[in-house]
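So the structure is just underneath, and the comments pick up after that.
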Amino acid sequence: MFFDQHPEFLETSHTAASRDRLNMRHLALIEANADILRGHTVVDIASHDGRWSFGALEAGAAKVIGLEGRRSLVRHARRTFRAKGVPSERFRFVQGDAHQLLFRPGIKGEVVMCLGFLYHTARYVELMAGIESTGAEYVIVDSRVIQTEAPYVEFRTERTDVQSVAIKDDYALSDRVISAVPSEAALLVMLEAAGYELMRRTDWPALLHEHPGKHSIAQYATGTRVSFVVRKRG
């Protein structure tokens with residue numbers, strides 16, 4: 001599996017570092033979406049240490065553009081890609097606030113990946129407008145969600161001094177930011193407003209049945225985390 005072949009990504013980050021969990025996420029988010037990644041430029045929101053960007057390249061993407069708030073993770077991503085011999089024209093990692101970076105003229109692609117980020121922000125209107133501005137035909141989403149059929153979000157606050165949580169942005173309140181956990185219905189309402197419609201969902205129960213004995217994936221098994229793809233309407 002991917003993280004068995006590329007263990008460097010288990011060393012350049014300590015966020016959710018279970019090999020089983022990461023390998024299963026790669027199956028669901030990258031391998032299962034190779035058809036829409038192949039030959040395209042991919043914008044990776046909150047690209048972390050570049051793990052999913054690299055997975056997209058291996059799945060056939062032509063180029064990846066990673067947007068990441070933490071400078072140390074950008075450095076790790078660039079170092080790993082160079083060590084693996086990825087041509088410089090096939091990757092670009094930009095450090096900064098992803099909400100703002102999405103509006104830059106050079107941040108364009110056919111696919112946007114938004115994996116594990118949507119519950120670390122409450123700036124949804126800005127984020128959806130930014131995704132739309134990339135010109136993406138497809139958006140791959142993976143998020144923690146609240147379990148309700150209604151389009152709700154649950155607000156909370158997060159510290160900003162840990163790698164696995166929100167970054168300190170222009171709206172931070174001392175050492176905390178306001179973030180929100182959305183329901184899947186809320187995400188689909190917001191993405192629909194940006195011009196996208198549901199294309200397919202990951203059938204996590206079926207995937208987990210095919211790979212018994214995997215650990216650290218309880219959120220997917222219980223439905224408190226979901227994965228799906230939307231595409232541009234019409």
Side-chain angles (χ1 to χ4, degrees), residues 1-34 36-102 104 106-121 127 130-131 134 136 138-143 160 162-167 169 216 227 229:
M1 284 186 161
F2 180 82
F3 287 92
D4 300 307
Q5 297 170 0
H6 304 287
E8 303 94 328
F9 292 113
L10 299 174
E11 301 168 1
T12 51
S13 167
H14 55 260
T15 301
S18 162
R19 190 185 298 252
D20 278 353
R21 184 176 186 273
L22 291 170
N23 278 329
M24 291 299 294
R25 291 185 74 204
H26 181 268
L27 282 175
L29 304 175
I30 303 298
E31 287 191 33
N33 293 314
I36 63 175
L37 294 168
R38 194 173 298 115
H40 288 156
T41 295
V42 177
V43 178
D44 186 4
I45 297 175
S47 55
H48 205 65
D49 60 356
R51 54 186 60 179
W52 307 118
S53 291
F54 188 79
L57 286 182
E58 280 215 327
K63 179 180 179 179
V64 291
I65 303 172
L67 313 179
E68 171 54 47
R70 289 183 166 84
R71 192 174 301 278
S72 62
L73 290 171
V74 170
R75 286 198 297 264
H76 282 312
R78 290 171 179 162
R79 187 179 302 123
T80 301
F81 274 51
R82 290 169 185 147
K84 287 182 171 293
V86 181
S88 59
E89 66 271 15
R90 294 193 66 199
F91 71 93
R92 177 185 174 199
F93 289 98
V94 187
Q95 190 269 324
D97 184 338
H99 303 84
Q100 298 171 358
L101 294 176
L102 285 166
R104 287 191 180 179
I107 309 300
K108 302 292 182 184
E110 292 85 5
V111 182
V112 165
M113 297 196 303
C114 194
L115 313 179
F117 174 70
L118 286 160
Y119 49 96
H120 291 308
T121 183
L127 181 63
I131 290 173
T134 67
Y138 304 97
V139 184
I140 303 172
V141 174
D142 179 72
S143 182
T160 60
V162 180
Q163 187 189 84
S164 60
V165 296
I167 66 166
D169 60 17
S216 302
S227 313
V229 178

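Values below: every heavy atom of this structure, side chains too, minus hydrogens, waters and symmetry copies. What you see is a predicted model; the values in this text were computed from it and never measured.
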Could you check whether any side-chain heavy atom of [X] comes within less than 4.5 Å of a side-chain heavy atom of [Y], counting everything from C-beta outward?
{"X": "Met113", "Y": "Ile30", "answer": "yes"}
{"X": "Ile65", "Y": "Thr134", "answer": "no"}
{"X": "Phe54", "Y": "Val86", "answer": "yes"}
{"X": "Arg92", "Y": "Ile107", "answer": "yes"}

Taking side chain to side chain donor-acceptor pair (under 3.5 Å) as the test, write out the residues that go with [X], two or more places apart.
{"X": "Asp142", "result": "Arg25, Tyr220, Arg225, Ser227"}
{"X": "Glu58", "result": "His6"}
{"X": "Arg90", "result": "none"}

Sequence neighbours excluded, the answer for ring-ring contact (aromatic ring centres under 6.0 Å, His included) partners of Phe117 is His99
Partners of His26 by ring-ring contact (aromatic ring centres under 6.0 Å, His included), sequence neighbours excluded?
->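 With sequence neighbours excluded, His26 shows a ring-ring contact (aromatic ring centres under 6.0 Å, His included) to Phe2, given in chain and number order.
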Within this structure, what is the [atom1]-[atom2] distance for the pair [X] and [Y], rounded to the nearest 0.5 Å?
{"X": "Lys63", "Y": "Glu110", "atom1": "NZ", "atom2": "CD", "value": "11.0 Å"}
{"X": "Arg75", "Y": "Glu68", "atom1": "CZ", "atom2": "CD", "value": "11.5 Å"}
{"X": "Phe81", "Y": "Leu57", "atom1": "CZ", "atom2": "CG", "value": "5.5 Å"}
{"X": "Leu29", "Y": "Met24", "atom1": "CG", "atom2": "CE", "value": "10.5 Å"}

inquiry  = Around atom CZ of Arg78, are there more than 12 heavy atoms from other residues, nucleotides or ligands closer than 6.0 Å?
reply    =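 Yes, enclosed.
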Identify the two heavy atoms, one from [X] and one from [Y], that lie closest to each other, and give their separation to 0.1 Å.
{"X": "Gly50", "Y": "Phe9", "result": "C-CE2, 3.8 Å"}
{"X": "Ala32", "Y": "Ala28", "result": "CB-O, 3.4 Å"}
{"X": "Cys114", "Y": "Leu118", "result": "SG-CG, 3.7 Å"}
{"X": "Leu27", "Y": "Met1", "result": "CD1-CE, 3.4 Å"}

When the side chains of residues 36-45 are checked against the rest of the protein, which donor-acceptor pairs come out under 3.5 Å, sequence neighbours left out?
residue	atom	partner	partner atom	Å
His40	ND1	Ile36	O	2.8
Asp44	OD2	Ser53	N	3.4
Asp44	OD2	Ser53	OG	2.7

Backbone N/O of Phe3 and side chain of Arg19: donor-acceptor pair under 3.5 Å: yes
Run the salt bridge (charged side-chain N to carboxylate O under 4.0 Å, His left out) test against Lys84 and tell me which residues pass, sequence neighbours left out.
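Once residues adjacent in sequence are excluded, the partners of Lys84 under the salt bridge (charged side-chain N to carboxylate O under 4.0 Å, His left out) criterion are Glu8.
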Taken in chain and number order and not counting sequence neighbours, the residues that satisfy side chain to side chain contact (heavy atoms under 4.5 Å, CB included) with Gln100 are Asp97, Arg123, Glu126, Asp170
